[in-house]
Trainee: 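Structure in structure tokens, see below.
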Amino acid sequence: MTRQYRHNLNGSTLDKGAPQLEVDDVRLRFGGVTALADVSLTVHQGDIHAIIGPNGAGKTSLLNCISGLYRPQKGHIKLHEGEAAHVLTRARPSRIARWGVARSFQNIELFKHISVLDNLMLGRHVHMRHSVWQSFLFFGPARRREIAHRELVEEVIDFLEIQAVRNAHVGALPYGIQKRVEVGRALCLQPAVLLLDEPMAGMNTEEKEDMARFILDVNDLAGVTVVLIEHDMEVVMDISDVVSVLDFGRQITTGPPHEVKANPEVITAYLGEEQAS
Amino acid sequence: MATATGVYHTSYEADLALRTTRAEWIRLALLFVAVIVAPFVLSPFWLTVANQIGIAIIGAVGLNILTGHTGLISLGTGAFLGVGAYTSAILVTRFDVPTLVAIIIAVAMTAAIGTFFGLPSLRLKGLYLAMATLAAQFILLFAFRNWEFVTGGLDAIVVPSPELFGWALQTDFAWYWVIFGTAALVVFGARNLFRTGLGRAFHAIRDQDIAAAVMGIDVGRYKLLSFAISSALVGLAGALTAHYRTIVTWERFTLDVSVLYLAMIIVGGLGSVAGSVYGATFMTVLPAAIQQFARNVRDTLPVLAREMPAIQLVVFGLVIVLFLLFEPRGLDRTWQRVKDFFRLWPFRY
């Protein structure tokens, strides 16, 4: 780490290796299409857990179930916090964020018309108290809060090396930087679990390397648990601790990268029957 | 800290300040002096217009919080002005409530009714929400006209001129200080709102409501909060109109008024507090100027003077169309450009 940071970006109180997020027997259907067929997996605190699979395998659907945007018809998703566990399957997205699940989106969903700084400050929303009167007055508690939370945001800015674009409008930034800002916004929430939906899609090699480094930093140095959807197999096999493979909503396997790579079912899912045989 | 090469902040407090350079402070001081001097030099006609501007500023800032900053379109502004005006007028005339208290109750009442009619926003967006707020406009107007034992129906309510701290508010001159004092507080409060987390949450909902929810913002609650704050300010404008004009009739709160306020924030600049002020000023001065012009040419060009009401409508429509075409971000953007021009001079960019 380039300097000593004062704030801990990891929102989880669990020990490293403890089960953090449990997906239990989740089924999600859209009419006749089964997006997720009884998927179960456990994400452990401190891991980089990759979810891979061909297009339409249900990876993003799973993430949407975790962050509360979709309601699965069957099964539970649990987030552990200390001894207790929050059930995410029936909770609203805003509540789930409050419990410590932060995410980025496949197609960047930043707040386009405001600055990078404001986007990141919105990551602090759940940790701030908001009062209409204090906001109108500004001087006093409202300003003190802004400054206190700004300190953590500045650390995230430093961490992700986006100092130069701090005051820029997000919509005007290049794609790669926008992706990084989106990770930063999620990180400002001090998440227990960070869900990244294809953080490297559409990037060139250099940008991918940068992003891989930031994900490793977030995980290694800050200790944040990462759930990662990614299509670039080299990156996935390099940086993740655990890999889960989905195909047509079905979970094929879960395991360390080298085992998954050698699994014949995985090869079939990606390459088709003939080549596999 | 402002230097020749740019503005550099050395503390977060300084970064949050609204004014940083000396030029900005000088402009603010000049504006302040102009507002103080204006009532002493303006003719009675223009002093009345100035008071209307002040009230329009309060209403436009309110509507802009909802439509420009939170992205929820409302066609019910006219009716919400009416709720403020009727509530305050009824409290004063029927129940002998002191004016100041009546205005505060009217503000709370409008906030409550605005929030109620904001409920469809939990499900609806864009044009569909516009239709829902249009319904609010017609329902409330129907109530003003037909709920006779409360609102007096089609008859006007005559409100006595109020006293404030033993000081009779009868003249435009006296009202000027009350209206512009209030407007200044409202503008400052709104500016503050948008440099804290609350205003940021409104911007987040406007830009990307799903991402806002995933970042932990309770979108429904904040939409209703935006309706409440916005309607409260619109209600304040309505209550002030009631006491300033000393007469309340339903004709002042029709759909035309809602559209006029929307025009103000479009012409001024959506999502900008300063823009609301520019838009309110522009859209109030424009018809007054046309009216004044008609009076001046009454003898020389009687035809033009006679057709002036029609011309006024055409100009009104034309201005909105021209702004949408050539300056969709409003007068606020124009002002930015003027400032940039002088800042960068003699270079173009």
Side-chain angles (χ1 to χ4, degrees), chain A residues 64 67-69 92-105 108-114 117-119 121-139 141-151 153-154 166-167 170-171 182 185-186 188-189 195, chain B residues 6-9 11-18 61 65 68-69 71 111 122 185-223 225-226 228-230 232-233 270-273 329:
Chain A
N64 284 347
S67 54
L69 296 176
R92 276 180 303 170
S94 59
R95 175 47 56 105
I96 292 173
R98 218 163 265 274
W99 286 333
V101 177
R103 72 173 286 181
S104 74
F105 292 84
I108 303 167
E109 307 283 6
L110 285 165
F111 308 119
K112 260 189 220 135
H113 302 286
I114 55 181
L117 197 57
D118 280 337
N119 267 276
M121 284 296 283
L122 274 158
R124 301 299 302 155
H125 181 87
V126 299
H127 298 284
M128 295 172 87
R129 228 174 65 78
H130 301 280
S131 143
V132 176
W133 298 116
Q134 290 176 358
S135 286
F136 268 97
L137 272 175
F138 183 69
F139 295 97
R143 183 163 81 156
R144 270 202 301 280
R145 270 200 297 273
E146 288 295 312
I147 289 166
H149 289 275
R150 176 77 182 272
E151 276 166 18
V153 166
E154 285 295 333
R166 196 191 270 120
N167 290 313
V170 163
E182 208 184 12
R185 183 180 67 179
C188 284
L189 204 121
L195 313 173
Chain B
V7 179
Y8 302 99
H9 298 302
S11 70
Y12 297 138
E13 282 92 342
D15 199 21
L16 281 166
L18 294 173
V61 167
I65 288 176
H69 291 279
L122 301 183
L185 285 180
V186 165
V187 169
F188 184 58
R191 285 288 270 147
N192 285 341
L193 177 66
F194 291 105
R195 48 178 173 161
T196 63
L198 198 63
R200 252 196 321 265
F202 291 162
H203 286 157
I205 292 170
R206 173 193 65 191
D207 284 358
Q208 241 306 328
D209 53 351
I210 292 174
V214 168
M215 291 315 295
I217 297 166
D218 190 338
V219 174
R221 206 177 131 236
Y222 275 81
K223 279 182 175 176
L225 188 61
S226 181
I229 296 174
S230 164
L233 293 179
L270 286 168
S272 153
V273 176
R329 287 164 67 191

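A note on names: the letters A, B, ... follow the listed sequences, proteins ahead of strands, and every chain is numbered from 1. Just so you know, these numbers come straight off a predicted model, no measurement behind them.
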Trainee: With sequence neighbours excluded, what pairs up with Ser104(A) under the side-chain hydrogen bond (donor to acceptor under 3.5 Å, both in side chains) test?
Mentor: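 Per chain and number, Ser104(A) pairs via side-chain hydrogen bond (donor to acceptor under 3.5 Å, both in side chains) with no residue.
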Trainee: Output the option from His113(A), Lys112(A), Glu182(A) having the highest count of non-hydrogen pairs under 4.5 Å with chain B.
Mentor: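 Winner by heavy-atom pair count: His113(A).
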Trainee: Holding to side chain to side chain contact (heavy atoms under 4.5 Å, CB included), I want the full list of residues that pass it with Leu185(B), two or more places apart in sequence or in another chain.
Mentor: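 So Leu185(B) forms no side chain to side chain contact (heavy atoms under 4.5 Å, CB included) with any residue.
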Trainee: Which of the residues Ala212(B), Ser11(B), Ala204(B) is involved in the greatest number of heavy-atom pairs with chain A at under 4.5 angstrom?
Mentor: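 Top count of heavy-atom pairs under 4.5 Å with chain A: Ala204(B).
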Trainee: Between Leu198(B), Leu16(B), Ile205(B), which shows the greatest number of heavy-atom pairs under 4.5 Å with chain A?
Mentor: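 Option with the greatest count: Leu198(B).
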Trainee: Of the listed residues (Ala186(A), Ala97(A), Cys188(A), Ser135(A)), which shares the most heavy-atom pairs with chain B below a 4.5 Å separation?
Mentor: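 Top option by heavy-atom pairs under 4.5 Å: Ser135(A).
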Trainee: Could you tell me which of Val132(A), Leu117(A), Leu110(A), Ile96(A) has the largest number of non-hydrogen atom pairs under 4.5 Å with chain B?
Mentor: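 Result: the option with the highest number of such pairs is Val132(A).
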Trainee: I'd like to know if the side chain of Arg103(A) reaches the main chain of Val214(B), judged simply by a donor and an acceptor atom lying under 3.5 Å from each other, with no hydrogens or angles considered.
Mentor: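 Not at all, since once roles are kept as given, no pair shorter than 3.5 Å links the two residues.
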Trainee: For the rings on His203(B) and His69(B), is their centre-to-centre separation under 6.0 Å?
Mentor: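 Yes; His69(B) has its ring centre under 6.0 Å from that of His203(B).
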Trainee: Between Arg145(A) and chain B, which part of the residue has a heavy atom less than 4.5 Å away: side chain, backbone, both or neither?
Mentor: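 Neither; nothing under 4.5 Å.
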Trainee: Salt bridge check: are Arg150(A) and Glu146(A) linked by an N-O gap of less than 4.0 Å?
Mentor: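 No.
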Trainee: Between Arg95(A), His130(A), Met121(A), His125(A), which residue shows the highest count of heavy-atom pairs closer than 4.5 Å to chain B?
Mentor: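 It is His125(A).
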Trainee: For the residue pair Phe105(A) and Leu69(A), what are the closest heavy atoms and their distance?
Mentor: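 Where Phe105(A) meets Leu69(A) most closely, the heavy atoms are CE2-CD1, 4.1 Å.
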Trainee: May I ask you to name which of Val126(A), Ile147(A), Ile114(A) has the most heavy-atom pairs under 4.5 Å with chain B?
Mentor: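 Heavy-atom pair counts peak at Ile147(A).
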Trainee: Has Asn119(A) got a side-chain atom pairing as donor or acceptor with Phe111(A)'s backbone, closer than 3.5 angstrom?
Mentor: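 Side chain of Asn119(A) to backbone of Phe111(A): a pair is present.
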Trainee: So which residue, Pro93(A), Ala142(A), Ser131(A), ends up with the most heavy-atom pairs under 4.5 Å with chain B?
Mentor: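 When all of Pro93(A), Ala142(A), Ser131(A) are compared, Pro93(A) has the most.
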